Protein chains: 2
Amino acid sequence: MAVKAERFTCAGNPANQEEIGRLSAEECSKSLARLSKGLAHPARVEIVRMLENKPPEERCVCGDIVSALPLAQSSVSQHLKVLKETGWIQGEIDGPRVCYCTVEGIMGYYLALVERSLRGDLDMNRKPETTGKEDDYGL
Amino acid sequence: MAVKAERFTCAGNPANQEEIGRLSAEECSKSLARLSKGLAHPARVEIVRMLENKPPEERCVCGDIVSALPLAQSSVSQHLKVLKETGWIQGEIDGPRVCYCTVEGIMGYYLALVERSLRGDLDMNRKPETTGKEDDYGL
DNA sequence: ATCGTTCATCGTAGATAGACGATAATACGG
DNA sequence: CCGTATTATCGTCTATCTACGATGAACGAT
């Protein structure tokens, strides 16, 4: 098969529900906002649904997604890019194709993040560990 | 008190989990995309969190939200408008103030919508009842 | 080496988002 | 009726989104 793994950087989303509890309120807001932006277009919702429901052995290459959507290939590619940047999906280069799948556990992570960000179980005084900066929404 | 109720139109979000099952896949995608857009900015996440965690008798007027965020009053007002349009919050005019709260059950609705839209339990052949139109993402 | 396939990126254009200060609208208190 | 307080809206500016066709880059096959 010779699938060259493309290293995936999660753009701040650990996709690990254990780690949500260590996020400050501000980090929660930013993380939730970033992931939500990924879902903020119907085409991207459909892409995530498509990928989330593929059995793991059934590959889903970019072309499959393009032909399932009423959009030009370049537009789909941009939506895929947004989904990568916001932490929903990852791609593996497989020859001339790119095989996409959702980040493992991302949906559960998102659901947990919604709960934690919107419900009250947040330590509002906890600060991000790196800096003591203010909320400037520097996304 | 003389609170004049401002009639709230939910912009397509019934905020009723019973009704999610009656949505077509396309409607699910649009509805989820619309609500997700509401959460796609950290300030709006914080507003929803703030409102979701207020005890029901404790009023939360616009000014409270403005002073809790590092943004100008006009910017906060715009975010509140987006949250209204995307179906997250509603406002009641109370004298010179406007008292905001989240739409009843909206968070549960959103969580259910994420599950239903992204998991496979969708009838992909169901069409919207009004028209037989194609997916043109006419948001 | 060259071709076709596949996908990302570029360039462009129009629409929307996001921020702000300034101004308008509304309600209440004198 | 006139000021104050509160919030929405307007106007402006910049940045990002969304779409498309065209082009480029990578790969397998001939």
Side-chain angles (χ1 to χ4, degrees), chain A residues 1-6 8 29-30 33-34 36-47 51 59-86 89-101 134-139, chain B residues 1-6 29-30 33-34 36-47 59-86 89-101 134-139:
Chain A
M1 272 277 164
V3 171
K4 277 180 229 157
E6 172 186 275
F8 176 70
S29 295
K30 284 191 189 170
R34 193 183 317 111
S36 297
K37 185 182 288 187
L39 293 186
H41 191 288
R44 294 199 290 267
V45 172
E46 293 192 10
I47 291 171
L51 297 181
R59 323 291 307 277
C60 191
V61 296
C62 179
D64 302 338
I65 302 169
V66 170
S67 52
L69 295 176
L71 291 175
Q73 178 263 329
S74 58
S75 303
V76 173
S77 193
Q78 289 208 132
H79 283 304
L80 290 168
K81 188 180 179 187
V82 171
L83 286 172
K84 265 195 282 189
E85 288 169 351
T86 54
I89 70 174
Q90 59 195 112
E92 280 181 4
I93 298 171
D94 175 19
R97 279 163 251 264
V98 177
C99 174
Y100 283 101
C101 60
E134 288 310 301
D135 316 68
D136 49 58
Y137 306 134
L139 180 57
Chain B
M1 274 275 167
V3 171
K4 280 181 227 155
E6 173 186 271
S29 294
K30 284 191 191 171
R34 193 183 318 108
S36 298
K37 187 182 288 188
L39 293 186
H41 191 287
R44 294 200 290 267
V45 171
E46 293 192 11
I47 291 171
R59 324 290 308 279
C60 191
V61 297
C62 178
D64 301 339
I65 301 170
V66 170
S67 52
L69 293 177
L71 292 174
Q73 179 264 328
S74 57
S75 303
V76 173
S77 193
Q78 291 207 130
H79 283 304
L80 290 168
K81 189 179 178 188
V82 172
L83 285 172
K84 265 195 282 188
E85 288 168 351
T86 54
I89 70 174
Q90 59 195 112
E92 280 180 5
I93 298 172
D94 174 19
R97 281 163 251 263
V98 178
C99 175
Y100 284 101
C101 61
E134 289 309 302
D135 317 68
D136 50 64
Y137 306 132
L139 181 56

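In this text, all values refer to a predicted model and were calculated from it rather than measured experimentally. So that the names make sense, note that chain A is the first sequence line, chain B the second, and so on, each numbered from 1.
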Could you tell me how far apart [X] ([atom1]) and [N] ([atom2]) are, to the nearest whole angstrom?
| X | N | atom1 | atom2 | answer |
| --- | --- | --- | --- | --- |
| B/Leu69 | C/dG18 | CG | P | 14 Å |
| A/Glu85 | C/dT9 | CD | C1' | 13 Å |
| B/Ile47 | D/dT7 | CD1 | C1' | 14 Å |
| A/Lys81 | C/dC10 | NZ | P | 7 Å |
| B/Arg97 | D/dT4 | CZ | P | 17 Å |

Single hit among B/Val98, B/Val76, B/Leu71 for side chain to side chain contact (heavy atoms under 4.5 Å, CB included) with B/Ile65: B/Val76
Under 3.5 Å, is there an N or O donor on one side and an acceptor on the other linking the side chain of A/Gln78 and the base of C/dA8? no
Given the structure, check if the side chain of A/Ser74 and the base of D/dG21 hold any donor-acceptor pair shorter than 3.5 Å. yes
Quick check for you: to the nearest 0.5 Å, what is the distance between A/Leu39 atom CG and A/Lys37 atom NZ? 12.5 Å
Side chain of [X] only, heavy atoms from C-beta on: which candidate in [options] is closest?
| X | options | result |
| --- | --- | --- |
| B/Pro96 | D/dA19, D/dT7, D/dT6 | D/dT6 |
| B/Ala72 | C/dC7, C/dC20, D/dT7 | C/dC20 |
| B/Ser77 | C/dA8, D/dT9, D/dA19 | D/dT9 |
| B/Val98 | C/dC20, D/dT7, D/dA19 | D/dT7 |
| B/Tyr100 | D/dA8, C/dA8, C/dA17 | D/dA8 |

Looking for any heavy atom pair under 4.0 Å, which part of the strands does B/Val61 touch: base, sugar-phosphate only, or nothing? sugar-phosphate
With heavy-atom distances below 4.5 Å as the criterion, would you say the side chains of [X] and [Y] are in contact?
| X | Y | answer |
| --- | --- | --- |
| B/Cys101 | B/Gln90 | yes |
| B/Val61 | B/Asp94 | no |
| B/Glu92 | B/Arg59 | yes |

Does D/dT18 have its OP1 or OP2 closer than 4.0 Å to a side-chain nitrogen or oxygen of A/Ser75? no
Would you say A/His79 places a side-chain N or O within less than 4.0 Å of OP1 or OP2 belonging to D/dA19? yes
If you assign each of A/Gln73 and A/Arg44 to its closest nucleotide in DNA chain D, which residue comes earlier from the 5' end? A/Arg44
